[in-house]
Colleague: 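I'd like to ask you about the structure that follows.
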Amino acid sequence: FLPNLVDALPGAPSVSAGALVSWERAAFGDWRLKLLGQANYVGSARVSFDPVAPRTGGYVRTKLSAELWSDRFGVQAYVLNPFDSFNDTF
């Protein structure tokens, strides 16, 4: 019952997954540096309740970020979706 329900809901992919990689080290003095990379996969999904309607394709969305901080201050920069990956949801 559950696989049929999940596969039949519009906009709900049957599979999705994500991963996060982090790297941290001392930069200089009491400053620290952290680099992060994140990737999320969103699988294909139906666009309506009609079983013969087309499905969206799966896609991967990424995020890259860097953080530099000390005891008193910090700065963070990030880029969302640097590879311009997308797909229609409806």
Colleague: Is it possible for you to say whether Val75 and Phe28 belong to one hydrophobic cluster, with membership spreading through side-chain heavy-atom contacts below 4.5 Å?
Modeller: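 The answer is yes; both residues are in one hydrophobic cluster.
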
Colleague: Would you give the length of the straight line joining atom OG of Ser16 to atom OH of Tyr59, rounded to the nearest 0.5 angstrom?
Modeller: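 The OH atom of Tyr59 is 9.5 Å from OG of Ser16, to the nearest 0.5 Å.
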
Colleague: Quick one, Leu36 with Leu20, criterion side chain to side chain contact (heavy atoms under 4.5 Å, CB included). Give me CA distance, side-chain angles, the key distance, then yes/no.
Modeller: CA-CA 7 Å; Leu36 295 163; Leu20 175 71; 4.3 Å; yes

Colleague: Going only through I, L, V, M, F, W and Y residues with side-chain contacts under 4.5 Å, is there a path from Trp31 to Leu35?
Modeller: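 Yes: a chain of side-chain contacts under 4.5 Å links Trp31 to Leu35.
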
Colleague: Would you say that Thr62 contacts Pro82 through its side chain, given a criterion of any heavy-atom pair below 4.5 Å between the two side chains?
Modeller: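 Counting from C-beta outward, Thr62 and Pro82 do come under 4.5 Å.
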
Colleague: So does Ala45 get a backbone contact from the side chain of Thr56, meaning a donor-acceptor N/O pair under 3.5 Å?
Modeller: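 Judged by distance alone, yes, a pair lies under 3.5 Å.
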
Colleague: Compare all side-chain heavy atoms of Lys63 with those of Tyr78 and state whether any distance is below 4.5 angstrom.
Modeller: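 Yes, at least one pair of side-chain atoms sits under 4.5 Å.
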
Colleague: Let me see the working for Trp23 and Leu33 under side chain to side chain contact (heavy atoms under 4.5 Å, CB included), right down to the final yes or no.
Modeller: CA-CA 8 Å; Trp23 181 77; Leu33 171 69; 4.2 Å; yes

Colleague: For Ser22 and Lys34, what are the C-alpha separation, side-chain angles and deciding distance, and is it a side chain to side chain contact (heavy atoms under 4.5 Å, CB included)?
Modeller: CA-CA 7 Å; Ser22 165; Lys34 182 187 286 189; 4.1 Å; yes

Colleague: Considering all heavy atoms of both residues, which atom of Pro13 and which atom of Gly43 are nearest to each other, and what is their separation?
Modeller: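 Where Pro13 meets Gly43 most closely, the heavy atoms are CB-O, 3.3 Å.
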
Colleague: Between atom CH2 of Trp69 and atom CD of Glu24, what is the distance when rounded to the nearest 0.5 Å?
Modeller: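 Here the interatomic distance stands at 3.5 Å.
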
Colleague: For Arg61 and Tyr41: C-alpha separation, side-chain torsions, deciding distance, then whether side chain to side chain contact (heavy atoms under 4.5 Å, CB included) applies.
Modeller: CA-CA 6 Å; Arg61 184 73 49 96; Tyr41 171 74; over 6 Å; no

